*Asks:* 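Structure provided below as structure tokens; questions to follow.
Keep in mind it's a predicted model, so treat the numbers as computed, not measured.
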Amino acid sequence: MLKNLSVADEKILSGSLRSKLIGQTNIMESSCDALSLPKGSIGVFDSGVGGLTCVKELIRLMPHEDIVYLGDTARVPYGTRSRQTIVDYARQDIHFMEKHNVKLLIVACGTVSAVMQTEPLFKDSTINCYSGVIIPAVDAACEATKNGKIGVIATQASIRSGCYENEIHRINPKIEVFSRAGTLLVPLAESGYTSVDCEPAQFFVREYLSDIKQKGVDTLIMGCTHYPLFEEAVGAFMGESVTLISPGAVTAALAYDALKAQNALWSDEHKAKIELYCTDSAELFEENVNRFLGCGIDAQISQCRL
């Protein structure tokens, strides 16, 4: 299973879960015991709307949990920014979440998750339980691969950091890793061009994944939470034999396991409250919410300032 980390800001909920639940995570550490986890909300933030893929899985797994989502739609994407800018943005996102009674925070942005590995973003934060998406995805991929060849498509910043290769080789140095930045997939996803029959989506999926496909990978990490929106297009191109790993979905499942183990879930009688915030137009954001989560979602949608 997942390996323990030496990174200062990545911790795990309890000793009994260490072999199973690890990541950019303070979700699962002895400092987050059952008494220290309040009956608050699950927080999720991303640079845009991609993190809603994680929210969708959280709602499916934990329909009675309160959820607070922040999409920094005014500054998307983070993946093309400088490291210091990403750090500054991430700390503003975390500060926003500190105001919303968050018991557990999922950093659904792959770029920020990469920076978390070497930058103590939560050093002075009041949020004690948190997780990025990289290591949960890496663990799932290492378990899924049969031929020892894993592909990774992620943002420029994540690929540049080498974080996926490092964590995969931490688990198994013999696995071959083939990576590519999928820079233009994020704006395509934000604009709704994701369907399997969409020509721009088809073009850029071929552009970014042709070399990886030729390497014969049997597992592909879609290393940005926007990318699972292209799952049908990617699956059609890569073929049925390739397992696709969604970081947001994997991390949501780990969060469920962790909260359940710590008896920190709301009861079935609790009516969940879903709060969705964006930093740009709430009207445009609502269109994406309806596309990601369905028109029937009962959620409060608001614009905010960081």
*Asks:* Which value, rounded to the nearest 0.5 Å, describes the distance between Met62 atom CE and Arg60 atom CZ?
*Replies:*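 If I round to the nearest 0.5 Å, the distance is 10.0 Å.
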*Asks:* Do Ser267 and Glu269 have a side chain donor and acceptor closer than 3.5 Å?
*Replies:* yes
*Asks:* Is the CD atom of Glu240 crowded by more than 12 outside heavy atoms at less than 6.0 Å?
*Replies:* no
*Asks:* Would you please test Ser281 and Glu283 for side-chain hydrogen bond (donor to acceptor under 3.5 Å, both in side chains) and show each step?
*Replies:* CA-CA 5 Å; Ser281 166; Glu283 290 75 20; 3.2 Å; yes
*Asks:* May I ask you to decide if the ring planes of Tyr227 and Phe230 are parallel, tilted or perpendicular, using 30° and 60° as cut-offs?
*Replies:*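 Perpendicular: the ring planes of Tyr227 and Phe230 meet at over 60°.
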*Asks:* Please set out all donor-acceptor pairs under 3.5 angstrom arising from side-chain atoms of residues 148-161, sequence neighbours excluded.
*Replies:*
| from | atom 1 | to | atom 2 | distance (Å) |
| --- | --- | --- | --- | --- |
| Lys149 | NZ | Lys215 | O | 3.3 |
| Thr155 | OG1 | Thr111 | OG1 | 2.7 |
| Thr155 | OG1 | Ser158 | N | 3.3 |
| Thr155 | OG1 | Ser158 | OG | 3.1 |
| Gln156 | NE2 | Thr183 | OG1 | 3.1 |
| Ser158 | OG | Gly110 | O | 3.3 |
| Ser161 | OG | Ser158 | O | 2.7 |
| Ser161 | OG | Cys163 | N | 3.2 |

*Asks:* Using a 6.0 Å cut-off, check whether atom CZ of Phe292 has over 12 heavy atoms from anything other than its own residue.
*Replies:*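 Buried by this count: over 12 neighbours within 6.0 Å.
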*Asks:* Same cluster or not: are Met238 and Phe203 linked, directly or through other Ile, Leu, Val, Met, Phe, Trp or Tyr residues, by side-chain heavy atoms under 4.5 angstrom apart?
*Replies:*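 Result: yes, single cluster for both.
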*Asks:* Taking all heavy atoms of Ala201 and all of Ser195, pick out the closest pair and write down the distance.
*Replies:*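 Here Ala201 and Ser195 meet closest at CB-O, 3.8 Å.
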*Asks:* Would the number of heavy atoms belonging to other residues, nucleotides or ligands and lying under 6.0 Å from OH of Tyr193 be above 12?
*Replies:* no
*Asks:* Hydrophobic cluster membership, with links at side-chain heavy-atom distances under 4.5 Å among I/L/V/M/F/W/Y: are Tyr256 and Trp266 in one?
*Replies:* no
*Asks:* Could you check, using the six-membered ring where one of them is a Trp, whether Tyr69 and Tyr277 have ring centers closer than 6.0 angstrom?
*Replies:*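 They do not qualify: ring centres at least 6.0 Å apart.
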*Asks:* Spell out, as yes or no, whether a donor-acceptor pair under 3.5 Å connects the side chain of Thr145 to the backbone of Ala141.
*Replies:*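 Not a single qualifying donor-acceptor pair exists.
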*Asks:* Identify whether Phe45 and Leu306 are in the same connected component of the hydrophobic contact network (ILVMFWY, side-chain heavy atoms under 4.5 Å).
*Replies:*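 Same cluster: Phe45 reaches Leu306 through Ile, Leu, Val, Met, Phe, Trp or Tyr contacts under 4.5 Å.
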*Asks:* I'd like to check Arg170 versus Glu165 (side-chain heavy atoms, cut-off strictly below 4.5 Å). Are they in contact?
*Replies:*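 Of all side-chain heavy-atom pairs linking Glu165 with Arg170, none is under 4.5 Å.
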*Asks:* Is a salt bridge present between Arg81 and Asp88, judged by a nitrogen-to-oxygen distance below 4.0 Å?
*Replies:* no
*Asks:* Could you check whether any side-chain heavy atom of Glu65 comes within less than 4.5 Å of a side-chain heavy atom of Ser41, counting everything from C-beta outward?
*Replies:* no
*Asks:* Under the rule for side chain to side chain contact (heavy atoms under 4.5 Å, CB included), what residues qualify as partners of Arg91, not counting sequence neighbours?
*Replies:*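 In terms of side chain to side chain contact (heavy atoms under 4.5 Å, CB included), with neighbours along the sequence ignored, Arg91 is linked to Val87, Glu119, Leu121.
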*Asks:* Below 4.5 Å, heavy atoms only, C-beta onward: do Leu209 and Arg180 meet side chain to side chain?
*Replies:* no
*Asks:* Nearest heavy-atom pair of Phe122 and Ile127: which atoms, and what distance?
*Replies:* CD2-O, 4.0 Å
*Asks:* Roughly how far, to the nearest 0.5 Å, is the CG atom of Asp268 from the NE2 atom of His64?
*Replies:*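 One gets 4.0 Å once the value is rounded to the nearest 0.5 Å.
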*Asks:* Any chance NZ of Lys213 has more than 12 other-residue heavy atoms, nucleotides or ligands included, within less than 6.0 Å?
*Replies:*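 Enclosed: over 12 neighbouring heavy atoms sit under 6.0 Å from NZ of Lys213.
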*Asks:* Any side-chain heavy atom of Glu167 within less than 4.5 Å of one from Gln117?
*Replies:* yes
*Asks:* When rounded to the nearest 0.5 angstrom, what distance separates CG in Leu265 from CG in Leu259?
*Replies:*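 So the CG of Leu265 and the CG of Leu259 are separated by 5.0 Å.
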*Asks:* Show the nearest heavy-atom pair for residues Tyr208 and Leu184, with the distance to one decimal.
*Replies:* OH-N, 3.1 Å
*Asks:* Donor-acceptor pair, Asp139 side chain versus Ile135 backbone, under 3.5 Å?
*Replies:*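 Not at all, since once roles are kept as given, no pair shorter than 3.5 Å links the two residues.
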*Asks:* State, yes or no, whether a side-chain contact exists between Ile106 and Leu104 at a heavy-atom distance under 4.5 Å.
*Replies:*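 Answer yes - side chains close enough.
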*Asks:* For the CG atom of Leu70 and the SG atom of Cys278, what is their distance to the nearest 0.5 Å?
*Replies:*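 Here the interatomic distance stands at 9.0 Å.
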*Asks:* Go through Val112 and Tyr89 one step at a time and tell me if the side-chain contact (heavy atoms from CB on, under 4.5 Å) criterion holds.
*Replies:* CA-CA 9 Å; Val112 175; Tyr89 287 0; over 6 Å; no
*Asks:* Under 4.5 Å between side-chain heavy atoms, hopping through other hydrophobics if needed: is there a path connecting Ile301 to Ile67?
*Replies:*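 Shared cluster, yes.
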*Asks:* So, taking the atom named CD in Glu190 and the one named CG in Leu185, what distance separates them when rounded to the nearest 0.5 Å?
*Replies:*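 Atom-to-atom, Glu190:CD and Leu185:CG are 12.0 Å apart.
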*Asks:* Check whether more than 12 heavy atoms from other residues, nucleotides or ligands sit under 6.0 Å from atom NE2 of His95, and answer yes or no.
*Replies:* no
*Asks:* Taking salt bridge (Lys or Arg N to Asp or Glu O under 4.0 Å) as the definition, give me every residue that meets it alongside Asp197, ordered by chain and number, with sequence neighbours left out.
*Replies:* none
*Asks:* Do Ser125 and Glu98 come within less than 4.5 Å of each other through their side chains, counting heavy atoms only?
*Replies:* yes
*Asks:* Quick one: pull up NZ in Lys146 and CG in Asp218 and give me the separation to the nearest 0.5 Å.
*Replies:*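 These two atoms lie 7.0 Å from each other.
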*Asks:* Just by modelled atom types, is the Gly51 backbone N or O under 3.5 Å from a matching donor or acceptor in the Asp46 side chain?
*Replies:*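 Indeed, once roles are kept as given, a pair shorter than 3.5 Å links the two residues.
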*Asks:* Quick check: closest heavy atoms across Thr219 and Ala144, and the distance to 0.1 Å?
*Replies:*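 Closest pair (atom of Thr219, atom of Ala144, distance): OG1-C, 3.8 Å.
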*Asks:* Taking all non-hydrogen atoms of both residues into account, name the closest pair between Val196 and Ala236 and its distance.
*Replies:*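 The answer is CG2-CB, 4.2 Å.
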*Asks:* If you apply the rule side-chain contact (heavy atoms from CB on, under 4.5 Å), what do you find for Asp66 with Ile42, and how did you get there?
*Replies:* CA-CA 6 Å; Asp66 296 338; Ile42 298 174; over 6 Å; no
*Asks:* I'd like to know if the side chain of His169 reaches the main chain of Ile175, judged simply by a donor and an acceptor atom lying under 3.5 Å from each other, with no hydrogens or angles considered.
*Replies:* yes
*Asks:* Measure across Thr53 and Pro228 and return the closest heavy-atom pair with its distance rounded to 0.1 Å.
*Replies:* CG2-CB, 4.4 Å
*Asks:* Say whether, by atom type as modelled, one donor and one acceptor occur between the side chain of Thr279 and the main chain of Arg305 under 3.5 angstrom.
*Replies:* no
*Asks:* Is there a side-chain contact between Leu188 and Phe204, using heavy atoms and a 4.5 Å cut-off?
*Replies:*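 The answer is yes; the side chains approach within 4.5 Å.
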*Asks:* Give a yes or no answer on whether the side chain of Thr251 reaches the backbone of Pro136 with a donor-acceptor pair at less than 3.5 Å.
*Replies:*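 Flag not set: sc Thr251 to bb Pro136 has no pair under 3.5 Å.
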*Asks:* Any chance you could lay out the side-chain contact (heavy atoms from CB on, under 4.5 Å) test for Tyr78 and Val115, step after step, and finish with the verdict?
*Replies:* CA-CA 11 Å; Tyr78 285 8; Val115 170; over 6 Å; no
*Asks:* Can we say Asp72 and Arg75 salt-bridge, meaning some charged N sits less than 4.0 Å from an Asp/Glu carboxylate O?
*Replies:* yes
*Asks:* What verdict does the side-chain contact (heavy atoms from CB on, under 4.5 Å) test give for Ser131 and Leu254, after you've listed the backbone C-alpha separation in whole Å, the side-chain angles of each residue and the deciding distance to 0.1 Å?
*Replies:* CA-CA 9 Å; Ser131 177; Leu254 291 176; 5.8 Å; no
*Asks:* Quick one: does Thr73's side chain have a donor or acceptor within less than 3.5 Å of a partner on Asp280's backbone?
*Replies:* yes
*Asks:* For the residue pair Asn288 and Leu293, establish whether any side-chain heavy-atom pair is separated by less than 4.5 Å.
*Replies:* no
